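What follows is a set of notes on a single structure, which appears directly below.
On a predicted model such as this, the values are computed, not experimentally measured, just so you know.
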Amino acid sequence: MIPDNNLLALQQEWTTLQTQFDSYEKHSLFIKLFNVAISCALLFIVNIGLWTLFICALIWIQDGIWKTFQERIAQRLESVERSIKYCSSTQNPKSNLDSLHIAMQFNSAWEESRKGAIGLVFEYLKTSIKPTVAYPHVLLLLIIFANSRLAG
C-alpha cells in the first residue's frame, strides 16, 4: 500500500491545482473582456483603423498563451487524479510505485514533456485557435476589418 502521507500530498496538490485551474479560467475571461473593451475603444473612439487588428491579435495570442498554461495544469490534475485513484486502491503493491504516483511533480512533469522553443510557439498557436479561446477574438477581428473596409 502506498504511504498515507503521499496520498495526503496528492490530495493537497489536487486542491491547489484545481483552484489555480479555475483562476486561470477567470483570468482568460478578463483577457477576452479587455480585448472587447480596448478594441472597441481603439476602433470607435480613437479610430486607428487597421492598427486595431494588430492589437486585437496580440491580445488573442496572449489569451492562447494563458490557456496553454491552464492546459498544463489540467494535464497534471489528470495525473494526480489517476494517482489518487491508484493510491486509494487496495491492489497497489509498493513495488509498483513510480513517478506518476509521486506528489508535487508539476514542474518536473512539464519539463519532461517540453517541446523546445518552436514547439512551444506552435503549442500557443494551437491553443489560440480552439473555439473556447478564439471566441470573441475572431469576431472582433471581423468587426475591425469590416469597419475599416466601410470607412475606407
So does [Y] get a backbone contact from the side chain of [X], meaning a donor-acceptor N/O pair under 3.5 Å?
X      : Y      : answer
Ser79  : Gln75  : no
Trp60  : Ser128 : yes
Thr68  : Gly64  : yes
Ser113 : Trp110 : yes

- Task: Apply the test side chain to side chain contact (heavy atoms under 4.5 Å, CB included) to residues Leu141 and His137: give CA-CA distance (whole Å), side-chain angles for both, the deciding distance (0.1 Å), then the verdict.
- Result: CA-CA 6 Å; Leu141 290 172; His137 307 294; 5.5 Å; no
How far does [atom1] of [X] sit from [atom2] of [Y], to the nearest 0.5 angstrom?
X      : Y      : atom1 : atom2 : answer
Arg149 : Leu50  : CZ    : CG    : 9.5 Å
Asn107 : Glu112 : CG    : CD    : 11.5 Å
Cys87  : Leu10  : SG    : CG    : 5.0 Å

- Message: Any heavy-atom pair between the side chains of Leu42 and Asn47 that's under 4.5 Å?
- Response: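 No, side chains not in contact.
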- Item | Side chain proximity check, Ile84 to Glu81, heavy atoms < 4.5 angstrom |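 Sidechains of Glu81 and Ile84: no contact.
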Check whether [X] and [Y] end up in the same hydrophobic cluster, where Ile, Leu, Val, Met, Phe, Trp and Tyr are linked by side-chain heavy atoms less than 4.5 Å apart.
X      : Y      : value
Leu58  : Val133 : no
Ile144 : Ile31  : no
Phe69  : Leu120 : yes
Leu53  : Ile129 : no
Ile48  : Ile59  : yes

- Which residues pass the ring-ring contact (aromatic ring centres under 6.0 Å, His included) test with Trp66, sequence neighbours left out?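 ring-ring contact (aromatic ring centres under 6.0 Å, His included) list for Trp66, sorted by chain: Tyr24, His27.
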- Query: Can you tell which of Val138, Thr52, Leu43 makes a side-chain contact (heavy atoms from CB on, under 4.5 Å) with Ile143?
  - Reply: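 That would be Leu43.
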Write out all pairs satisfying salt bridge (Lys or Arg N to Asp or Glu O under 4.0 Å) with one or both partners inside [range], taking only residues at least two apart or from two chains.
range            : answer
residues 115-127 : Arg72-Glu123
residues 5-20    : Glu13-Arg76
residues 48-70   : Glu25-Lys67, Lys32-Asp63

- Could you give me the CA-CA distance, side-chain angles and deciding distance for Ile55 and Ser39, then say whether side chain to side chain contact (heavy atoms under 4.5 Å, CB included) is met? CA-CA 7 Å; Ile55 303 298; Ser39 293; 5.6 Å; no
- Item | Nearest atoms (heavy-atom pairs only) where Ala103 meets Asn6 |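 Closest pair (atom of Ala103, atom of Asn6, distance): N-OD1, 3.3 Å.
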- Message: Under a 3.5 Å threshold, yes or no: a donor from one side chain and an acceptor from the other, between Gln18 and Asp22?
- Response: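 Looking only at side-chain atoms, Asp22 and Gln18 do form a donor-acceptor pair, the distance falling under 3.5 Å.
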- Message: Taking CG in Leu142 as the centre, count heavy atoms belonging to other residues, nucleotides or ligands within less than 6.0 Å. Is the count above 12?
- Response: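 Above 12, so yes.
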- Item | Pair Phe21-Leu17, side chain to side chain contact (heavy atoms under 4.5 Å, CB included): steps then yes or no | CA-CA 6 Å; Phe21 182 87; Leu17 290 172; over 6 Å; no
- Message: Apply the hydrophobic cluster definition, ILVMFWY joined by side-chain contacts under 4.5 Å directly or through others, and give me every member besides Leu140.
- Response: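 Members other than Leu140 - counting any ILVMFWY side chain reachable under 4.5 Å - are Val36.
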- Task: Scan for ring-ring contact (aromatic ring centres under 6.0 Å, His included) pairs involving residues 29-58, sequence neighbours excluded, and state none if there are none.
- Result: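 Checked against ring-ring contact (aromatic ring centres under 6.0 Å, His included) - neighbours excluded - no pair reaches residues 29-58.
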